[in-house]
Amino acid sequence: EIEIKIPDPLFIHVKNLKDHPLNDIIYDKVNDDRDKLRESLLKSLKNTGVANKETVKVDKNGVVYSGHRRKWASEEDETGELGLLHCEIIDHTFDPESLNDPISEQIEADALDDYNEPGVTRNQTSWTVVLRKYHFMNALNYKKTTKYFSNKERNAWCHQKCSFSKDHFKQMVEVYEKGRNDLIDKVV
(Lines give C-alpha, C1' and ligand atoms only; values in the text may rest on other atoms or scores of the structure.)
Protein backbone atom coordinates (compact mmCIF):
# COMPACT_ATOMS: atom_id res chain seq x y z
CA GLU A 1 0.00 0.00 0.00
CA ILE A 2 1.34 3.40 -1.00
CA GLU A 3 1.25 6.13 1.63
CA ILE A 4 0.72 9.64 0.35
CA LYS A 5 2.80 12.15 2.25
CA ILE A 6 0.87 15.35 3.00
CA PRO A 7 3.22 18.32 3.36
CA ASP A 8 3.47 19.88 6.79
CA PRO A 9 2.63 22.64 7.00
CA LEU A 10 -0.11 22.31 4.39
CA PHE A 11 -1.35 25.51 2.79
CA ILE A 12 -4.47 25.59 0.61
CA HIS A 13 -5.73 28.58 -1.35
CA VAL A 14 -9.19 29.76 -0.22
CA LYS A 15 -10.54 29.36 -3.77
CA ASN A 16 -9.92 25.59 -3.36
CA LEU A 17 -11.83 25.36 -0.07
CA LYS A 18 -15.55 24.62 -0.02
CA ASP A 19 -18.11 25.67 2.57
CA HIS A 20 -19.72 22.79 4.42
CA PRO A 21 -23.46 23.07 3.61
CA LEU A 22 -24.41 22.97 7.29
CA ASN A 23 -22.20 25.98 8.10
CA ASP A 24 -24.62 28.31 6.33
CA ILE A 25 -27.48 26.89 8.39
CA ILE A 26 -25.73 26.95 11.75
CA TYR A 27 -23.74 30.17 11.33
CA ASP A 28 -25.08 33.49 10.08
CA LYS A 29 -22.60 34.30 7.32
CA VAL A 30 -24.49 37.39 6.18
CA ASN A 31 -24.70 39.11 9.57
CA ASP A 32 -21.35 37.96 10.96
CA ASP A 33 -18.90 40.85 11.25
CA ARG A 34 -15.50 39.48 10.23
CA ASP A 35 -13.63 42.81 10.03
CA LYS A 36 -11.61 42.23 13.24
CA LEU A 37 -10.86 38.65 12.21
CA ARG A 38 -9.61 39.80 8.81
CA GLU A 39 -7.38 42.42 10.48
CA SER A 40 -6.04 39.75 12.83
CA LEU A 41 -5.29 37.39 9.93
CA LEU A 42 -3.46 40.14 8.03
CA LYS A 43 -1.47 41.08 11.16
CA SER A 44 -0.49 37.46 11.77
CA LEU A 45 0.51 37.05 8.12
CA LYS A 46 2.71 40.14 8.35
CA ASN A 47 4.32 39.11 11.66
CA THR A 48 4.73 35.36 11.19
CA GLY A 49 4.22 34.62 7.50
CA VAL A 50 1.13 32.56 8.31
CA ALA A 51 -2.34 34.14 8.39
CA ASN A 52 -4.09 31.68 10.67
CA LYS A 53 -2.57 30.45 13.92
CA GLU A 54 -5.14 27.67 14.28
CA THR A 55 -5.36 25.32 11.30
CA VAL A 56 -8.45 25.17 9.13
CA LYS A 57 -9.72 21.60 9.33
CA VAL A 58 -10.81 20.27 5.94
CA ASP A 59 -11.66 16.90 4.46
CA LYS A 60 -9.67 15.42 1.57
CA ASN A 61 -11.92 17.29 -0.89
CA GLY A 62 -11.39 20.70 0.71
CA VAL A 63 -14.73 20.88 2.55
CA VAL A 64 -14.25 23.08 5.63
CA TYR A 65 -15.21 21.56 8.98
CA SER A 66 -13.53 24.12 11.21
CA GLY A 67 -12.32 27.51 10.10
CA HIS A 68 -15.16 28.67 7.90
CA ARG A 69 -15.03 32.21 9.37
CA ARG A 70 -11.30 32.39 8.57
CA LYS A 71 -12.10 31.20 5.04
CA TRP A 72 -14.87 33.79 4.64
CA ALA A 73 -12.68 36.59 6.02
CA SER A 74 -9.88 35.62 3.63
CA GLU A 75 -12.25 35.56 0.65
CA GLU A 76 -13.39 39.09 1.57
CA ASP A 77 -9.85 40.46 1.85
CA GLU A 78 -9.58 43.29 -0.65
CA THR A 79 -5.77 43.46 -0.33
CA GLY A 80 -5.43 40.03 -1.96
CA GLU A 81 -2.88 38.98 0.66
CA LEU A 82 -5.07 36.37 2.38
CA GLY A 83 -5.04 33.67 -0.25
CA LEU A 84 -3.35 30.77 1.53
CA LEU A 85 -4.61 29.27 4.77
CA HIS A 86 -2.77 26.79 6.96
CA CYS A 87 -4.90 23.63 6.80
CA GLU A 88 -5.13 20.17 8.28
CA ILE A 89 -6.73 17.21 6.50
CA ILE A 90 -9.15 15.37 8.80
CA ASP A 91 -10.14 11.69 8.71
CA HIS A 92 -13.82 12.39 8.04
CA THR A 93 -15.05 12.98 4.46
CA PHE A 94 -18.25 14.83 3.62
CA ASP A 95 -20.82 12.87 1.62
CA PRO A 96 -23.53 15.12 0.11
CA GLU A 97 -25.97 12.19 0.33
CA SER A 98 -25.72 12.37 4.12
CA LEU A 99 -28.01 15.41 4.04
CA ASN A 100 -30.85 13.31 2.56
CA ASP A 101 -31.24 11.11 5.63
CA PRO A 102 -31.84 12.51 9.15
CA ILE A 103 -29.65 9.88 10.85
CA SER A 104 -26.73 10.51 8.49
CA GLU A 105 -27.31 14.26 8.71
CA GLN A 106 -27.09 14.01 12.52
CA ILE A 107 -23.77 12.17 12.20
CA GLU A 108 -22.54 14.90 9.84
CA ALA A 109 -23.74 17.70 12.16
CA ASP A 110 -22.03 16.00 15.11
CA ALA A 111 -18.77 15.68 13.14
CA LEU A 112 -18.93 19.35 12.23
CA ASP A 113 -19.61 20.22 15.87
CA ASP A 114 -16.78 18.02 17.12
CA TYR A 115 -14.20 19.58 14.81
CA ASN A 116 -15.28 23.06 15.90
CA GLU A 117 -15.13 22.48 19.64
CA PRO A 118 -13.33 19.30 20.63
CA GLY A 119 -14.27 18.69 24.26
CA VAL A 120 -14.69 22.39 25.01
CA THR A 121 -17.72 23.92 26.69
CA ARG A 122 -17.92 27.54 25.65
CA ASN A 123 -20.36 30.17 24.53
CA GLN A 124 -19.51 29.40 20.92
CA THR A 125 -18.93 33.03 19.96
CA SER A 126 -22.39 34.45 20.69
CA TRP A 127 -25.98 33.84 21.63
CA THR A 128 -26.89 34.03 17.96
CA VAL A 129 -24.57 31.13 17.09
CA VAL A 130 -25.74 29.01 20.01
CA LEU A 131 -29.41 29.62 19.25
CA ARG A 132 -29.05 28.93 15.52
CA LYS A 133 -27.19 25.71 16.31
CA TYR A 134 -29.80 24.65 18.87
CA HIS A 135 -32.64 25.46 16.46
CA PHE A 136 -30.98 23.36 13.73
CA MET A 137 -30.33 20.42 16.08
CA ASN A 138 -33.88 20.60 17.45
CA ALA A 139 -35.31 20.54 13.90
CA LEU A 140 -33.01 17.65 13.03
CA ASN A 141 -34.25 15.78 16.11
CA TYR A 142 -37.80 16.33 14.82
CA LYS A 143 -36.84 14.88 11.40
CA LYS A 144 -35.47 11.78 13.12
CA THR A 145 -38.11 11.23 15.80
CA THR A 146 -41.11 13.46 14.87
CA LYS A 147 -40.61 15.14 18.27
CA TYR A 148 -38.80 18.30 19.26
CA PHE A 149 -36.46 18.26 22.24
CA SER A 150 -38.20 17.97 25.58
CA ASN A 151 -37.36 20.51 28.31
CA LYS A 152 -34.99 17.95 29.81
CA GLU A 153 -33.27 17.36 26.45
CA ARG A 154 -33.04 21.15 25.85
CA ASN A 155 -31.38 21.59 29.25
CA ALA A 156 -29.00 18.70 28.58
CA TRP A 157 -28.07 20.21 25.20
CA CYS A 158 -27.44 23.57 26.88
CA HIS A 159 -25.28 21.98 29.58
CA GLN A 160 -23.24 20.04 27.01
CA LYS A 161 -22.80 22.76 24.38
CA CYS A 162 -22.48 26.08 26.19
CA SER A 163 -21.84 27.68 29.54
CA PHE A 164 -25.10 29.64 29.73
CA SER A 165 -27.48 28.81 32.59
CA LYS A 166 -30.42 26.59 31.61
CA ASP A 167 -32.89 29.30 32.68
CA HIS A 168 -31.24 31.97 30.53
CA PHE A 169 -30.94 29.49 27.69
CA LYS A 170 -34.66 28.60 27.91
CA GLN A 171 -35.61 32.28 27.83
CA MET A 172 -33.34 33.01 24.88
CA VAL A 173 -34.72 30.01 22.95
CA GLU A 174 -38.22 31.40 23.49
CA VAL A 175 -37.11 34.83 22.23
CA TYR A 176 -35.36 33.24 19.21
CA GLU A 177 -38.42 31.12 18.36
CA LYS A 178 -40.55 34.30 18.34
CA GLY A 179 -38.14 35.76 15.78
CA ARG A 180 -37.08 38.60 18.07
CA ASN A 181 -33.45 38.82 17.00
CA ASP A 182 -33.56 42.50 17.94
CA LEU A 183 -33.92 41.47 21.60
CA ILE A 184 -31.11 38.93 21.26
CA ASP A 185 -28.87 41.68 19.85
CA LYS A 186 -29.69 43.85 22.89
CA VAL A 187 -28.70 41.03 25.26
CA VAL A 188 -25.46 40.49 23.35
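In plain terms, the two heavy atoms of Leu140 and Ala109 that are nearest each other are CD2-CB, 4.2 Å. Shortest non-hydrogen contact noted between Lys133 and Asp113 is NZ-OD1, 2.8 Å. Minimum heavy-atom separation, Phe94 to Ser98: CE1-OG, 3.9 Å.
Met137 has its side chain within reach of Asp110: a pair of non-hydrogen atoms, C-beta onward, lies under 4.5 Å apart. Residues Val58 and Ile89 have side chains in contact (heavy-atom distance under 4.5 Å, counting atoms from C-beta outward). Side-chain contact check for Leu99 versus Leu22: some heavy-atom pair is nearer than 4.5 Å. In this structure, Glu75 and Trp72 have side chains that are in contact, with non-hydrogen atoms separated by less than 4.5 Å. Looking at Gln171 and Phe164, their side chains never come closer than 4.5 Å, going by heavy atoms from C-beta outward. Side-chain contact check for Val130 versus Phe169: some heavy-atom pair is nearer than 4.5 Å. Looking at heavy atoms from C-beta onward, Leu112 lies in side-chain contact with His20 at the 4.5 angstrom threshold. Ile103 is listed as a side-chain neighbour of Lys144, based on a closest heavy-atom distance under 4.5 Å.
One distance of note links CG of Asn23 with NE2 of His68; it measures 4.5 Å at 0.5 Å rounding. Between the NZ atom of Lys60 and the OG1 atom of Thr93 there is a distance of 4.5 Å, given to the nearest 0.5 Å. Rounding to the nearest 0.5 Å gives a distance of 4.0 Å between CZ of Arg34 and CD of Glu76. Remark: Lys53 NZ to Thr48 OG1 distance equals 7.5 Å, nearest 0.5 Å. Interatomic distance, Thr145 OG1 to Gln106 CD, rounded to the nearest 0.5 Å: 10.0 Å. The distance from the NZ atom of Lys170 to the SG atom of Cys158 is 12.5 Å, given to the nearest 0.5 Å.
No more than 12 heavy-atom neighbours from other residues, nucleotides or ligands sit within 6.0 angstrom of NE2 on His168. Residue-environment remark: CD (Glu78) stays at or below the threshold of 12 foreign heavy atoms within 6.0 Å. Within 6.0 Å of NZ in Lys29 there are more than 12 heavy atoms belonging to other residues, nucleotides or ligands. Summarising the local packing, NE2 of His135 is surrounded by 12 or fewer heavy atoms from other residues, nucleotides or ligands at distances under 6.0 Å. Around the NZ atom of Lys43, the shell of radius 6.0 Å holds no more than 12 heavy atoms that belong to other residues, nucleotides or ligands. The 12-atom threshold is exceeded at NZ of Lys18, counting heavy atoms of other residues, nucleotides or ligands nearer than 6.0 Å. Residue-environment remark: CG (Asp35) exceeds the threshold of 12 foreign heavy atoms within 6.0 Å.
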_Full working for side chain to side chain contact (heavy atoms under 4.5 Å, CB included) between Glu108 and Tyr65_ = CA-CA 10 Å; Glu108 193 61 29; Tyr65 276 78; 2.3 Å; yes
Step by step, work out the side chain to side chain contact (heavy atoms under 4.5 Å, CB included) result for Leu41 and Ser74.
CA-CA 8 Å; Leu41 292 170; Ser74 296; 3.9 Å; yes
**Item:** side chain to side chain contact (heavy atoms under 4.5 Å, CB included) between Ser104 and Glu97, intermediate numbers included
**Value:** CA-CA 8 Å; Ser104 298; Glu97 290 299 314; over 6 Å; no
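In this structure, the side chain of Arg70 engages the main chain of Thr55 through a donor-acceptor pair within 3.5 Å. Under the 3.5 Å distance criterion, the side-chain polar atoms of Glu153 are matched with a main-chain donor or acceptor of Ser150. Judged by distance alone, with hydrogens and angles left aside, the side-chain atoms of Asn52 form a donor-acceptor pair with the main-chain N or O of His86 at under 3.5 Å. No donor-acceptor pair under 3.5 Å is formed between the side chain of Arg69 and the backbone N or O of Asp32. In this structure a side-chain-to-backbone donor-acceptor pair under 3.5 Å is present from Arg132 to Ile25.
Using a 30° and 60° split on the angle between ring planes, Tyr134 and Phe149 fall in the tilted class, from 30° to 60°. Under the 30°/60° scheme for interplanar angles, the aromatic rings of His92 and Tyr115 are found to be tilted.
Under the 4.5 Å side-chain contact rule for hydrophobic residues, Val50 and Leu82 do not share a cluster. Placement of Leu42 and Val14 in two distinct hydrophobic clusters is found when ILVMFWY residues are connected by side-chain heavy-atom separations under 4.5 Å, directly or transitively. Taking hydrophobic clusters as Ile, Leu, Val, Met, Phe, Trp and Tyr residues chained together by side-chain heavy-atom distances below 4.5 Å, Ile12 does not share a cluster with Leu45.
Residues Thr79 and Asp77 bring a donor and an acceptor atom of their side chains to less than 3.5 Å of each other.
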